[in-house]
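Just so you know, residue 1 is the first one in the sequence shown, and it goes up from there.
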Amino acid sequence: IFVDPGGFSARGAEDRARAAAVVVGSTPSSEHILLDVYSEKDTFLACCRKVVEFCSAYAPRKLVVELAGQQAAFIEVLRRELDAAGVHVPIEPVKPGVKAKEVRILGLEPLFQRGQVFIGTGANFHEFKTQYTQFPRSARFDVLDALSYLPQFVRRAPNKTMRSPADRH
């Protein structure tokens with residue numbers, strides 16, 4: 001599960017960044033399935049509770065949580081909420097680094113171009129699809145930002161070569 005807690009500072013394109021979480025399942029053949037998505041302009045606590053709900057439903061291997069500024073407080077609240085729910089999932093804080101958000105998001109492009117990302121259906125995926133189709137001109141890209149950490153955390157399939165689009169059909 002990849003989480004961007006958002007924030008409460010003002011931004012030019014919106015009044016504040018939204019919290020976002022993306023549940024991703026991966027297959028042994030390096031395909032990634034978006035199982036669930038959360039994107040709301042909400043409190044840290046509401047986001048924490050949604051992440052706990054996802055953890056209870058999906059039993060993830062790891063939580064990857066963006067850590068920048070006040071987001072350290074989010075991780076502490078998340079740990080408490082997970083403990084209170086009796087859910088044990090390792091949390092890996094990740095710093096955005098010096099790369100701009102848009103540059104990190106562009107790192108997803110090879111996975112999509114190779115057909116390695118599959119998107120679920122339902123109303124909760126509408127925001128993701130909107131952000132994906134309108135990037136980089138979309139007003140928000142919080143879901144894409146949360147998902148942008150996927151390339152650095154995916155497990156590589158042992159001794160597998162990448163299949164070309166022609167080989168997949």
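Residues Val87 and Glu81 are not in side-chain contact: their nearest non-hydrogen atoms beyond the backbone lie 4.5 Å or more apart. Proximity of Lys41 to Arg140: side-chain heavy atoms (C-beta onward) are nowhere separated by under 4.5 Å. When side chains are defined from C-beta on, Lys101 does not count as touching Pro96, because their heavy atoms never get closer than 4.5 Å.
Rounding to the nearest 0.5 Å gives a distance of 9.5 Å between CG of Leu108 and CG of Asp145. In this structure, the separation between CD1 on Ile91 and CD1 on Ile75 is 6.5 Å, given to the nearest 0.5 Å. Between Leu78 atom CG and Leu45 atom CG the span is 10.5 Å, to the nearest 0.5 Å. With rounding to the nearest 0.5 angstrom, the CG atom of Leu150 is 12.0 Å from the CG atom of Leu144. One finds the NZ atom of Lys62 at 13.0 Å from the CD1 atom of Ile1 (value rounded to the nearest 0.5 Å). Once rounded to the nearest 0.5 Å, the distance linking CZ of Phe153 with NE2 of His32 reads 13.5 Å.
When the side chains of ILVMFWY residues are joined at heavy-atom separations under 4.5 Å, either directly or via intervening members, Phe2 and Val103 end up in two distinct hydrophobic clusters. Taking hydrophobic clusters as Ile, Leu, Val, Met, Phe, Trp and Tyr residues chained together by side-chain heavy-atom distances below 4.5 Å, Val77 does not share a cluster with Val3. A single hydrophobic cluster is seen to contain both Leu67 and Leu82, as judged by linkage of ILVMFWY side chains at heavy-atom distances under 4.5 Å, directly or through other members. Side-chain heavy atoms closer than 4.5 Å link hydrophobic residues (I, L, V, M, F, W, Y) into clusters, and following such links, possibly through other members, connects Ile33 to Leu63.
For Ala20 against Ala146, the heavy-atom pair with the smallest separation is O-CB, 4.1 Å. Pairing each heavy atom of Gly120 with each of Lys129, the nearest pair is O-NZ, 3.8 Å. Contact between Leu35 and Gly25 at its shortest, heavy atoms only, is CD1-N, 3.8 Å. Among all heavy-atom pairs drawn from Gln116 and Pro110, the shortest one is OE1-O, 4.5 Å. Across every non-hydrogen atom of Phe74 and Pro5, the tightest pair is CD2-CG, 3.4 Å.
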Between Tyr149 and Gln152, does a side chain to side chain contact (heavy atoms under 4.5 Å, CB included) hold up when you go through it step by step?
CA-CA 6 Å; Tyr149 294 103; Gln152 75 186 73; 3.8 Å; yes
Side chain to side chain contact (heavy atoms under 4.5 Å, CB included) for Phe125 and Ile119? Distances and angles first, verdict last.
CA-CA 8 Å; Phe125 293 97; Ile119 302 155; 3.8 Å; yes
Is there a side chain to side chain contact (heavy atoms under 4.5 Å, CB included) between Phe128 and Val22? Walk through the geometry before answering.
CA-CA 9 Å; Phe128 171 81; Val22 183; 5.9 Å; no
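Results of the side chain to side chain contact (heavy atoms under 4.5 Å, CB included) test with Val24 over Val37, Leu147, Val64, Val117 single out Leu147 as the only residue that passes.
Checked against a 6.0 Å centroid threshold, the rings of Phe135 and Phe141 count as neighbours.
Under the 3.5 Å distance criterion, the side-chain polar atoms of Gln131 are matched with a main-chain donor or acceptor of Asp142.
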Throw together a table of side-chain donor-acceptor distances under 3.5 angstrom for residues 48-60, partners on residues two or more places apart or in other chains.
{"unit_1": "Lys50", "atom_1": "NZ", "unit_2": "Glu53", "atom_2": "OE2", "d": "3.1"}
{"unit_1": "Ser56", "atom_1": "OG", "unit_2": "Val52", "atom_2": "O", "d": "3.1"}
{"unit_1": "Tyr58", "atom_1": "OH", "unit_2": "Asp36", "atom_2": "OD2", "d": "2.9"}

